[in-house]
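Please read these numbers as outputs of a predicted model, since none were measured by experiment.
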Amino acid sequence: MVQHRVGYAPGVYDLFHVGHLNILRHARSQCDYLVAGVVSDEMAALAKGHTPVIPLRERLEIVRSVRFVDAAFVETVPDKVETWQQVRFDVIFKGDDWRGTEKGRKLERDFAEVGVEVVYFPYTVHTSSTQLRRALDVLVSRDGALSAP
């Protein structure tokens, strides 16, 4: 029986940009089947301190439509091992902004216990949802024509 390597690429995927596409492309190149974990609005608010600009339903549709993604899963719990118990992936992909941090070390420890590999990809420095959100906030405050989320 041939063993397929299942990958998991979690993210908020708000204001979808080339950094998101790069992570999904690189992730798919290292597994046979890629599941993208799209963080719920509530979980994103807990993790980031604000709700996403793009609603969950739309973020899920965008991510599902990316050709590198085989399936999309709504992530509703903060514990990635609990998510693993539902999805059963072999490798999890994160941006390298997690590497060497306490949350990255915890992720590595937790997944070592269940045999899941943690793979880091280069963080796209020049484009991020945080930068895009800041640019939108500036436009809203300067112009007033756009409505704030």
Side-chain angles (χ1 to χ4, degrees), residues 4-104 106-108 110-111 116-149:
H4 289 292
R5 182 169 151 110
V6 176
Y8 186 70
V12 177
Y13 299 108
D14 195 20
L15 301 172
F16 196 89
H17 55 76
V18 73
H20 296 135
L21 187 61
N22 287 340
I23 284 183
L24 295 171
R25 178 187 298 117
H26 293 309
R28 186 61 175 86
S29 74
Q30 295 198 22
C31 62
D32 300 304
Y33 188 86
L34 179 62
V35 178
V38 180
V39 176
S40 71
D41 291 344
E42 297 78 18
M43 290 305 308
L46 281 175
K48 306 262 186 183
H50 54 78
T51 56
V53 173
I54 308 298
L56 174 62
R57 182 184 343 223
E58 293 176 23
R59 291 182 288 120
L60 196 56
E61 186 175 338
I62 290 165
V63 170
R64 278 188 178 134
S65 298
V66 174
R67 69 181 169 126
F68 307 112
V69 174
D70 295 296
F73 174 82
V74 177
E75 197 172 289
T76 59
V77 294
D79 183 354
K80 298 287 188 237
V81 174
E82 192 173 330
T83 298
W84 171 80
Q85 291 169 342
Q86 296 172 34
V87 179
R88 293 296 177 164
F89 45 87
D90 304 300
V91 57
I92 186 169
F93 303 103
K94 294 297 291 176
D96 65 2
D97 55 320
W98 277 55
R99 187 192 311 266
T101 66
E102 184 48 44
K103 62 185 178 181
K106 180 181 182 334
L107 190 75
E108 292 167 20
D110 290 350
F111 278 122
V116 171
E117 180 183 3
V118 177
V119 172
Y120 297 103
F121 291 130
Y123 184 75
T124 307
V125 179
H126 65 278
T127 305
S128 75
S129 296
T130 301
Q131 291 173 328
L132 292 172
R133 181 184 273 276
R134 285 186 192 135
L136 287 172
D137 288 345
V138 167
L139 289 173
V140 167
S141 65
R142 182 188 73 206
D143 187 18
L146 300 173
S147 60

(message) Measuring from atom CD1 of Ile62 to atom CG of Leu15, what distance do you get when rounded to the nearest 0.5 angstrom?
(response) 9.0 Å
Show the nearest heavy-atom pair for residues [X] and [Y], with the distance to one decimal.
| X | Y | value |
| --- | --- | --- |
| Val39 | Ala44 | CG1-N, 3.5 Å |
| Gly7 | Phe89 | C-CB, 4.2 Å |
| Lys48 | Val12 | CE-CG2, 4.0 Å |

(request) Determine, using ring centers only, whether His4 and Tyr33 are less than 6.0 Å apart. (result) no
(message) Could you go through Phe16 and Leu21, starting from their C-alpha distance and side-chain angles, then the distance that decides it, and tell me whether this counts as side-chain contact (heavy atoms from CB on, under 4.5 Å)?
(response) CA-CA 8 Å; Phe16 196 89; Leu21 187 61; 4.2 Å; yes
(request) Would you list the pairs meeting side chain to side chain donor-acceptor pair (under 3.5 Å) in which at least one residue belongs to residues 52-65, sequence neighbours left out? (result) Asp41-Arg59
(message) Show me the pairs that pass side chain to side chain donor-acceptor pair (under 3.5 Å) and involve residues 83-98, at least two apart or across chains.
(response) none
(request) State which residues pass side-chain hydrogen bond (donor to acceptor under 3.5 Å, both in side chains) with Glu117; sequence neighbours excluded, sorted by chain then number. (result) Arg5
(request) Please identify each residue that fulfils side-chain hydrogen bond (donor to acceptor under 3.5 Å, both in side chains) with Asp110, with sequence neighbours left out. (result) Lys106
(message) So, using salt bridge (Lys or Arg N to Asp or Glu O under 4.0 Å) as the criterion, who are the partners of Lys103 when residues are at least two apart?
(response) none
(message) Taking the side chain as everything from C-beta on, heavy atoms only, tell me whether Ile92 gets closer than 4.5 Å to Phe111.
(response) yes
(message) Would you say that Phe93 contacts Leu24 through its side chain, given a criterion of any heavy-atom pair below 4.5 Å between the two side chains?
(response) no
Please table the atom pairs, donor to acceptor, closer than 3.5 Å between any side-chain atom in residues 67-75 and protein atoms at least two apart or in another chain.
residue, atom, partner, partner atom, Å
Asp70, OD2, Arg28, NE, 3.1
Asp70, OD2, Leu34, N, 2.8
Glu75, OE1, Tyr8, OH, 2.5
Glu75, OE2, Lys80, NZ, 2.3

(message) Arg99 vs Tyr120, test: side-chain contact (heavy atoms from CB on, under 4.5 Å). Steps then yes/no.
(response) CA-CA 7 Å; Arg99 187 192 311 266; Tyr120 297 103; 3.2 Å; yes
